[in-house]
Amino acid sequence: MHDFHAKDIVMLRELWNDRKGGFHPASAPDYLPESALQRLQLGRLQAVVAHAYENVPLFRSRMEARGLNPDAIRGLEDLQNLPFTVKDDLRESYPFGLFATPMSEVVRLHASSGTTGKPTVVAYTRDDVEVWSEVMTRTLACCGLHRGDILQNAFGYGLFTGGLGAHYGAETLGATVVPASGGNTDRQIMLIRDFGVTVLACTPSYFTHLIERAAELGVDLREQPLRIGICGAEPWTDGMRQHIEQTAGIRAYDIYGLSEIIGPGVASECPEQSGLHIFEDHFYPEIIDPETGAVLPDGEEGELVITTLSKRAMPMIRYRTRDITALIREPCACGRTIRRMRRIGRRSDDMFIIRGVNVYPSQVETALLAVEGTLPHYQIILTRAHGLDQMAVEVEVTPEVFSDKVRALEDVRARLGKAIEHTLGIRVDLRLVEPRSIARSEGKAKRVQDRRNEASPG
Ligand code: DLL
């Protein structure tokens, strides 16, 4: 499968001992000329389509219904004739219905907790785990990690892909891993200090919680050797990034992935922080119009669709991620030639409509982080009264603002109200609350409480 460089990479990796970083041999495919990359992609695409066709009955029957077989893939552009795969396909084939290899070849299962009912299950062969380690190594190298770095991994270990994904990638890169997993925040802070941790990997919302707790314990993260944050698994705005970078004295990088495709390791920012490089020799990206399914050109915003080019246990053909972004073909100043995607600010299914206006949670975050006196802890509460959707935003304010009660509070309320109205075009019910009154998350933050279908009191 990774015919292309496997042996040489292993040899180079062992020779490689550059403590200052720079180029990591596993990153070689990031710099392929376009024509070589496309040749590689086409060969892998043909192989993966044939593999799925032969081994996944659902995929085969959808192909046959369109009068297609694997010979239909003569060029990369032929991919757009193939059927989509969606999250419900995984739910309906629970647990193992989409596997393309016998269980005797599956060495790992992961699952993502669905909001309702059964989780979705994903599988890996030994080769798949190796590809995963490779793309996570490339992710970490892209973010400037090198041997000698001590990475504290506060992504959750377990069925969630974040913990083990980052773990294997960091070990393969040659960094020292502290497998802290999520939670137990005081101990995390002690380890960061005592071990001289240089890299912290966790969700951005947990990072903000950790920063806050460190301050309460009298630990200034800016005085620690910590230099890089590896953040992902949930949307976060540039305002949130600035908050993390300034209060922790680090550079915070955005990494993207999803269980159905492999876990983390699908795309990563580089030091330019201007879009995420997609490891497209393994994950072929398309952007579609979510309404019509038509493929959109690079640069246009739409839903990200990914085809796995090398996965064996559970290949995904044209998987609809529901994440909204755009592809960037222009070369990156870092020198990588693989395409980038814009940061994911929203999903096609996290939008809600308030008095006729489309609202995304990230818009609220952008507005509130621009106002001084607020903290990056908030939640959005949706209710329904007399058939109309109502939106309230609860935001924590700093202790200074809160203790000053009337004047400072009114001042923040006025500025925040204006900022939200400016961004969303509507007024919302604003509730300024005391620091620490909104629940903290150890993994993915739940920003929206949707109570619209609960019976109204009385
Ligand atoms: O969250 C995998 C992951 C772990 C990615 C650690 C990065 C770091 P799932 O639990 O299956 O997998 O959730 C996938 O999370 O479709 C996006 O909606 C969202 N997501 C992941 N990364 C980002 C990101 C992991 N950097 C879903 N920005 C995806 C915005 C993200 N949303």
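Below, each value reflects all heavy atoms present in this structure, side chains not excepted, and no hydrogens, waters or symmetry copies.
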**Student:** Please test D254 against R241 for salt bridge (Lys or Arg N to Asp or Glu O under 4.0 Å), starting from the C-alpha separation and ending with a verdict.
**Tutor:** CA-CA 9 Å; D254 190 13; R241 190 213 302 268; over 6 Å; no

**Student:** For a salt bridge (Lys or Arg N to Asp or Glu O under 4.0 Å) check, start with the C-alpha distance between E303 and R322, then their side-chain angles and the critical distance, and finish with the verdict.
**Tutor:** CA-CA 6 Å; E303 179 180 344; R322 302 190 196 178; 5.8 Å; no

**Student:** Whether E396 and R436 form a salt bridge (side-chain N of Lys/Arg under 4.0 Å from carboxylate O of Asp/Glu) is what I want to check.
**Tutor:**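 Salt bridge between R436 and E396, a charged N being under 4.0 Å from a carboxylate O: no.
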
**Student:** Would you please indicate if the ring centroids of H110 and F160 are separated by under 6.0 Å?
**Tutor:**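 No, too far apart.
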
**Student:** Any ion pair linking E301 and R342 (charged N to carboxylate O, less than 4.0 Å)?
**Tutor:**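 Salt bridge: yes.
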
**Student:** State plainly whether the residues E134 and R138 are in salt-bridge range, i.e. N to O under 4.0 Å.
**Tutor:**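 R138 and E134: salt-bridged.
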
**Student:** Any side-chain heavy atom of R447 within less than 4.5 Å of one from S362?
**Tutor:**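 No, every pair of side-chain atoms sits at 4.5 Å or beyond.
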
**Student:** Distance under 6.0 Å and angle within 45° of the ring axis: does R108 meet both against Y168?
**Tutor:**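 Here R108 passes the 6.0 Å and 45° test against Y168.
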
**Student:** Salt-bridged, D149 to R227, with N to O below 4.0 Å?
**Tutor:**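 Yes, D149 and R227 are salt-bridged.
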
**Student:** So is R339 actually on top of Y284's ring, under 6.0 Å and inside 45° of the axis?
**Tutor:**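 Geometry flag: set, cation within 6.0 Å and 45°.
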
**Student:** Would V106 and T101 count as a side-chain contact (heavy atoms from CB on, under 4.5 Å) here? Give the steps.
**Tutor:** CA-CA 7 Å; V106 172; T101 51; 3.8 Å; yes

**Student:** Give the C-alpha distance, both sets of side-chain angles, the deciding distance and a yes or no for side-chain contact (heavy atoms from CB on, under 4.5 Å) between E216 and E212.
**Tutor:** CA-CA 6 Å; E216 283 172 5; E212 170 187 62; 4.2 Å; yes

**Student:** Does Q363 reach the main-chain N or O of Y360 with its side chain, forming a donor-acceptor pair under 3.5 Å?
**Tutor:**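 Side chain of Q363 to backbone of Y360, a donor-acceptor pair under 3.5 Å: yes, one is there.
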
**Student:** With no hydrogens and no angle check, is any side-chain donor or acceptor of S348 less than 3.5 Å from a backbone partner on D323?
**Tutor:**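 Not confirmed, S348 side chain does not pair with D323 backbone.
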
**Student:** Given 3.5 Å as the limit, does a donor-acceptor pair link the side chain of T337 with the main chain of D30, or not?
**Tutor:**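 Looks like yes, one N/O pair under 3.5 Å.
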
**Student:** Is it true that a side-chain atom of E365 and a backbone atom of T237 form a donor plus acceptor pair closer than 3.5 Å?
**Tutor:**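 Yes; judged by distance alone, with no hydrogens or angles, the pair exists.
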
**Student:** Measure centre to centre between the rings of W236 and H243, then say whether the value is under 6.0 Å.
**Tutor:**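 No, the ring of W236 stays outside the 6.0 Å limit from the ring of H243, centre to centre.
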
**Student:** Keeping T307 on the side-chain end and R318 on the backbone end, is there a donor-acceptor pair under 3.5 Å?
**Tutor:**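 Such a contact is found between T307 side chain and R318 backbone.
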
**Student:** Is there a donor-acceptor pair closer than 3.5 Å between any side-chain N or O of T203 and the backbone N or O of G232?
**Tutor:**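 No, T203 side chain to G232 backbone: no donor-acceptor pair under 3.5 Å.
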
**Student:** Nearest heavy-atom pair of R222 and T247: which atoms, and what distance?
**Tutor:**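 Distance-wise, the nearest heavy atoms are CG-O, 3.7 Å.
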
**Student:** Would you say that I189 contacts R213 through its side chain, given a criterion of any heavy-atom pair below 4.5 Å between the two side chains?
**Tutor:**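 When only atoms from C-beta onward are counted, R213 and I189 do touch, with a gap below 4.5 Å.
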
**Student:** Before you tell me yes or no, could you show the steps for L309 and D281 under side-chain contact (heavy atoms from CB on, under 4.5 Å), namely the whole-Å CA-CA distance, both residues' side-chain angles and the distance that decides it to 0.1 Å?
**Tutor:** CA-CA 7 Å; L309 296 179; D281 49 322; 5.9 Å; no

**Student:** State, to 0.1 Å, how close S27 and A141 come at their nearest heavy-atom pair, and which atoms those are.
**Tutor:**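 Nearest pair, atom of S27 first, then A141: OG-CB, 3.6 Å.
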
**Student:** Decide whether Q379 and Q449 meet the rule of one side-chain donor and one side-chain acceptor closer than 3.5 Å.
**Tutor:**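 Yes.
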
**Student:** Between L375 and L368, which heavy-atom pair has the shortest distance, and what is it?
**Tutor:**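 Between these two residues, the closest heavy atoms are O-CD1, 3.8 Å.
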
**Student:** Go through the steps to decide whether R329 and E34 satisfy the test salt bridge (Lys or Arg N to Asp or Glu O under 4.0 Å), and finish with yes or no.
**Tutor:** CA-CA 10 Å; R329 186 176 285 276; E34 196 178 27; 2.3 Å; yes

**Student:** Checking side-chain polar atoms at under 3.5 Å, does T325 have a donor or acceptor matched by the opposite partner on R343?
**Tutor:**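 R343 and T325 do not have a side-chain donor-acceptor pair below 3.5 Å.
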
**Student:** Check this for me, if you would: do E234 and R347 make a salt bridge, where the nitrogen-to-carboxylate-oxygen distance has to be below 4.0 angstrom?
**Tutor:**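 No, this pair does not count.
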
**Student:** Could you check if a side-chain atom of P70 sits within less than 4.5 angstrom of a side-chain atom of Q46, using non-hydrogen atoms only?
**Tutor:**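 No. Closest side-chain heavy atoms not under 4.5 Å.
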
**Student:** Run the side-chain contact (heavy atoms from CB on, under 4.5 Å) check on V305 and T321 step by step: do they pass?
**Tutor:** CA-CA 6 Å; V305 169; T321 65; over 6 Å; no

**Student:** Specify the closest pair of heavy atoms between A252 and E269, including all atoms of both residues, with the distance to one decimal.
**Tutor:**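 It is O-OE1, 4.0 Å.
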
**Student:** Do the side chain of Q224 and the main chain of G196 share a donor and acceptor less than 3.5 angstrom apart?
**Tutor:**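 Not confirmed, Q224 side chain does not pair with G196 backbone.
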
**Student:** When you measure from the side chain of K446 to the backbone N and O of V448, does any donor-acceptor pair fall under 3.5 Å?
**Tutor:**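 Such a contact is found between K446 side chain and V448 backbone.
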
**Student:** Between T308 and M316, is there a donor-acceptor pair closer than 3.5 Å when you use the side chain of the first and the backbone of the second?
**Tutor:**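 Present.
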
**Student:** With a 4.5 Å cut-off on side-chain heavy atoms, are H377 and S205 touching?
**Tutor:**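 With C-beta onward as the side chain, the pair stays apart.
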
**Student:** Counting distance only, does the side-chain N/O of K444 pair as donor-acceptor with the main-chain N or O of A233 below 3.5 Å?
**Tutor:**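 A pair under 3.5 Å: yes.
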
**Student:** On a heavy-atom basis, which atom in F283 and which in G265 lie closest, and how many Å separate them?
**Tutor:**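 For F283 versus G265, the nearest heavy atoms are CE1-O, 3.4 Å.
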
**Student:** How close do A123 and D128 get, heavy atom to heavy atom, and via which atoms?
**Tutor:**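 Shortest heavy-atom contact: O-OD2, 4.1 Å.
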
